Amino acid sequence: MKIIVKFFTVLREITGKREEKLEFSNSISVNALLDHLSKKYGRQFTDYIYDTSGKPRGYLQFLVNGKSITTLEDFRTRLKEGDKVAIIPPVGGG
């Protein structure tokens, strides 16, 4: 199963990539994907994604094919072949 993960701002700096194509033998959840990426990219990635209690930071948005995971099954959302996952930081402006 292949999926694409899109990185923005700080995560682009941490990973050195705008997007990454990943392949898994079975369907995985968004939560499992984040765990995989944390192991791959280490402490800096983990600290950016998770708060001190180990929960994903509330100000980050996680989209699957353009839909917020909060409208799906949250972090339990199962990913399918060809899904595109985006991790979006907060947007500031003025």
Side-chain angles (χ1 to χ4, degrees):
M1 177 189 84
K2 295 178 186 175
I3 62 165
I4 295 173
V5 181
K6 295 184 177 231
F7 302 111
F8 298 89
T9 62
V10 174
L11 287 179
R12 277 188 186 164
E13 294 174 23
I14 292 170
T15 64
K17 301 173 183 177
R18 288 179 173 262
E19 70 176 38
E20 181 169 8
K21 294 176 184 174
L22 297 170
E23 193 164 341
F24 298 96
S25 57
N26 297 311
S27 174
I28 63 168
S29 66
V30 171
N31 202 34
L33 173 65
L34 293 177
D35 184 53
H36 172 82
L37 292 169
S38 290
K39 288 175 183 168
K40 181 172 184 174
Y41 291 109
R43 178 52 115 203
Q44 196 175 9
F45 183 94
T46 302
D47 289 347
Y48 186 79
I49 296 292
Y50 298 103
D51 63 21
T52 55
S53 68
K55 294 183 181 181
R57 295 186 185 275
Y59 57 76
L60 295 172
Q61 290 187 53
F62 300 88
L63 308 179
V64 175
N65 301 323
K67 294 181 183 177
S68 173
I69 63 170
T70 60
T71 65
L72 301 169
E73 293 182 56
D74 211 34
F75 291 96
R76 295 179 315 274
T77 301
R78 303 297 294 180
L79 300 172
K80 301 178 296 297
E81 175 73 30
D83 280 351
K84 292 179 183 164
V85 178
I87 305 171
I88 312 284
V91 178

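What you see is a predicted model, and the numbers here were worked out from it, not measured in a lab. The figures that follow rest on heavy atoms only: side chains count, while hydrogens, waters and symmetry mates do not.
- With rounding to the nearest 0.5 Å, the separation of NZ in Lys17 from CG in Leu11 is 12.5 Å.
- For the pair Ile28/Met1, a side-chain contact is recorded, criterion being any heavy-atom separation below 4.5 Å from C-beta on.
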Side chains of residues 54-63: which donor-acceptor partners sit under 3.5 Å, not counting sequence neighbours?
unit_1 : atom_1 : unit_2 : atom_2 : d
Arg57  : NE     : Asp47  : O      : 3.1
Arg57  : NE     : Tyr48  : O      : 3.2
Arg57  : NE     : Tyr50  : O      : 3.3
Arg57  : NH2    : Asp47  : O      : 2.9
Arg57  : NH2    : Tyr50  : O      : 3.0

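- Within a 6.0 Å radius of CD in Gln44, other residues, nucleotides and ligands contribute 12 heavy atoms or fewer.
- To the nearest 0.5 Å, atom CD of residue Glu20 and atom CD1 of residue Ile3 are 9.0 Å apart.
- Between Leu22 and Leu33, the closest side-chain pair of non-hydrogen atoms falls below 4.5 Å.
- Linking Ile, Leu, Val, Met, Phe, Trp and Tyr whenever their side-chain heavy atoms come within less than 4.5 Å puts Leu34 and Leu72 in one cluster.
- In the hydrophobic clustering, where aliphatic and aromatic side chains (Ile, Leu, Val, Met, Phe, Trp, Tyr) are joined below 4.5 Å either directly or transitively, Ile4 stands alone.
- Hydrophobic cluster membership differs between Ile88 and Val64, with clusters built from Ile, Leu, Val, Met, Phe, Trp and Tyr side chains linked at under 4.5 angstrom.
- Applying the side-chain hydrogen bond (donor to acceptor under 3.5 Å, both in side chains) test to Glu13 and every residue at least two apart in sequence or in another chain returns nothing.
- For the pair Leu37 and Phe7, the minimum side-chain heavy-atom distance is below 4.5 Å.
- Leu79 has its side chain out of reach of Phe24: every pair of non-hydrogen atoms, C-beta onward, lies at least 4.5 Å apart.
- Pairs engaging residues 24-36 under the side-chain hydrogen bond (donor to acceptor under 3.5 Å, both in side chains) rule: Asp35-Lys39 [sequence neighbours left out].
- For Lys21, there are no salt bridge (charged side-chain N to carboxylate O under 4.0 Å, His left out) partners two or more places apart in sequence or in a different chain.
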Show me the side-chain donor-acceptor pairs of residues 80-87 shorter than 3.5 Å, one per line, residues at least two apart or across chains.
unit_1 : atom_1 : unit_2 : atom_2 : d
Glu81  : OE1    : Lys2   : N      : 3.0
Asp83  : OD1    : Asn65  : ND2    : 2.8
Asp83  : OD2    : Lys80  : N      : 2.7

